[in-house]
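Please read the structure below before turning to the comments.
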2 protein chains.
Amino acid sequence: MKIPPIAITRLSVYARNLELLDQKGVEVVSSGRLADACGVNPAQIRKDLAYFGQFGVRGVGYYVKELSLEIRRILSLDKTWRLCVVGVGNLGSALLRHAQFIDGSYTFVAAFDRKPKRIGARIGGIEVSPIEAILDVVKNTGVEIGVIAVKPKSAQEAADMLVKAGVRGILNFAPIQLQCPAKVFIENVDFGLKLEVLYYKLTAASSRPHRRHMKAGQVIVPKPKEPPNKSFLV
Amino acid sequence: MKIPPIAITRLSVYARNLELLDQKGVEVVSSGRLADACGVNPAQIRKDLAYFGQFGVRGVGYYVKELSLEIRRILSLDKTWRLCVVGVGNLGSALLRHAQFIDGSYTFVAAFDRKPKRIGARIGGIEVSPIEAILDVVKNTGVEIGVIAVKPKSAQEAADMLVKAGVRGILNFAPIQLQCPAKVFIENVDFGLKLEVLYYKLTAASSRPHRRHMKAGQVIVPKPKEPPNKSFLV
DNA sequence: GTATGTGAAACCGTTCACAGCA
DNA sequence: TGCTGTGAACGGTTTCACATAC
């Protein structure tokens, strides 16, 4: 069966909201209620889940704990993934330090940088190694995913080294499109792109306003029927 | 005319690649060449541009400098947007410090935090103010976009304060869906979501491999005809 | 009665294919 | 001739609507 790529991102969102519901003590939830929480259509949730199995009870809904677990299994959130980061500048260090306080699905096991004065430093409990060590360290420590947090100019080189060392996935924070063999999966996190989308929206909204003034006697419509904002899916 | 939302993100990508071409001294580019650089279909570029006007010359292509300028104008990259950040922990400070080295379309004019010991510190040249100051400072300094870099628990509160203070756009790094009035535009940067998509892909790829072994006498296909990876479009 | 699971329909975005123009 | 601009065809995703099951 063909699974729309965006459905995977939605599963992550469902998982998050299910955890929140569980924390609140909610035991059963319908696709309608979960859809409200996630900002999507109820049928979409049922379709997305249907790609992977049947998790609900007709006439009842979904058991929160159970569904949460199922989705976590689908997304492999039930293991601890081993990551390394290349580049411990502002962003790289922030990621390392952030991870140390998160009890999550991943852990950093190595960090690399090119600048000699950064080598040997400990950031977020991880010692920084020279980039030449990538090949050995990645292999020896079983790193599965490499995080690229270097400047755009060095990003492709970092990717090449990570691929050579055997990582199977790359999370790329540099604003360039990496070239990698198809067997290596790449996800990009690009806040510059998001910012530029914001610029456009702000500009478009103020240059062509479509909110009309009310005329006397005009009735206030109870629900403006705003379509849900789905920008979180990127 | 209805413009597909992702088209805006692609325009950003086109702009980046046009700048690279310009730096290389390329003066004219066809949709085909630009498409190769951007990893999209040539017709897509022409369609995306057609939403905003006619920028090319038939039989020739697009003048790099000119098109670059046009797109920058469409995205309002030709002004300096005024940003503030709420939360100067690992991520918030990294953003402030990063911005100070970028000669770009934005500048941070204020930073806020709740923790008393962070107040008054200077990060990336910006002094940190208490969150209670948001209302005044945002109004007085003309902040247009607020960046949320606080913990998920405080993110909605930060958003409320920013909205009250009059920002028109929010760049949200917290992994929750913010509730805001429709007039305020929100873009989310959520590396956790990206990471979880990677988990899924890595798991799916190894649990059901589709690369078959070659049989004797089998012909090597010259181009495997891989569809372009569009994950950069968030 | 109520909510899931799922074909069918509607919708939206992408790509094709070619007319139009330098 | 070569490449843009664009209607039409295509393919994928979302939503509807209802049969199904508790």
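The chains referred to below are lettered A, B, ... by the order of the sequence lines, with proteins before strands, and numbering in each begins at 1. Note: hydrogens, waters and symmetry copies are ignored here, and every other heavy atom, side chains too, is used.
For A:E196 and B:R16, the salt-bridge test fails: no basic side-chain N is under 4.0 Å from an acidic carboxylate O. A salt bridge links B:R73 to B:E70: at least one charged side-chain nitrogen sits closer than 4.0 Å to a carboxylate oxygen. The pair A:D22-A:K65 counts as a salt bridge, with a side-chain nitrogen and a carboxylate oxygen less than 4.0 angstrom apart.
In the set C:dT14, C:dG13, D:dT14, C:dT14 carries the atom at the smallest distance from any side-chain atom of B:Y51.
Nearest-nucleotide positions on DNA chain D for B:V57 and A:P5 put B:V57 closer to the 5' end.
Note on ring orientation: taking the six-membered ring where Trp is involved, the planes of A:Y200 and B:F52 are perpendicular (angle over 60°, cut-offs 30° and 60°). A:Y199 and B:W81 have parallel rings, their planes meeting at less than 30° on a 0 to 90° scale where 60° marks the start of perpendicular.
C:dG13 atom P lies 13 Å from atom CE of B:M1, rounded to whole Å. Between B:D48 atom CG and D:dG5 atom P the separation is 12 Å, expressed in whole Å. Rounded to whole angstrom, the span from the CD1 atom of A:I6 across to the P atom of C:dT14 amounts to 12 Å. Following rounding to the nearest Å, A:L49 (CG) and C:dA3 (C1') show an atom-to-atom distance of 13 Å. The CG atom of B:L67 sits 12 Å away from the C1' atom of D:dT4 (whole-angstrom rounding). When rounded to the nearest whole Å, the span between CG of A:L11 and C1' of D:dT13 equals 15 Å. If you measure from atom CD1 of A:I3 to atom P of C:dT6, you get 14 Å, rounded to the nearest angstrom. Atom pair A:R10:CZ and D:dG12:C1' shows a separation of 12 Å (rounding to whole Å applied).
For B:Y62 and D:dG5, the shortest distance from a side-chain N or O to OP1 or OP2 is below 4.0 Å. For D:dT4, the OP1/OP2 oxygens have a side-chain nitrogen or oxygen of B:S31 closer than 4.0 Å. Here B:R33 does not reach the OP1 or OP2 of D:dC3: none of its side-chain N or O atoms lies under 4.0 Å away. At least one side-chain nitrogen or oxygen of A:Q54 sits closer than 4.0 Å to the OP1 or OP2 atom of C:dT6. In terms of phosphate contacts, B:Q44 brings no side-chain nitrogen or oxygen within less than 4.0 Å of OP1 or OP2 of C:dG13.
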Between protein and nucleic acid, restricted to nucleotides 16-19 of chain D and to nitrogen or oxygen atoms under 3.5 Å apart, what atom pairs and distances do you find?
{"residue": "D:dC16", "atom": "OP2", "partner": "A:N41", "partner atom": "ND2", "Å": "3.4"}
{"residue": "D:dA17", "atom": "N6", "partner": "A:R46", "partner atom": "NH2", "Å": "3.1"}

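Taking every heavy atom of both residues into account, A:L49 and A:F55 meet most closely at O-CE1, 3.5 Å. Counting all heavy atoms, side chain and backbone alike, B:A7 lies closest to B:Y51 at CB-CE1, 4.3 Å.
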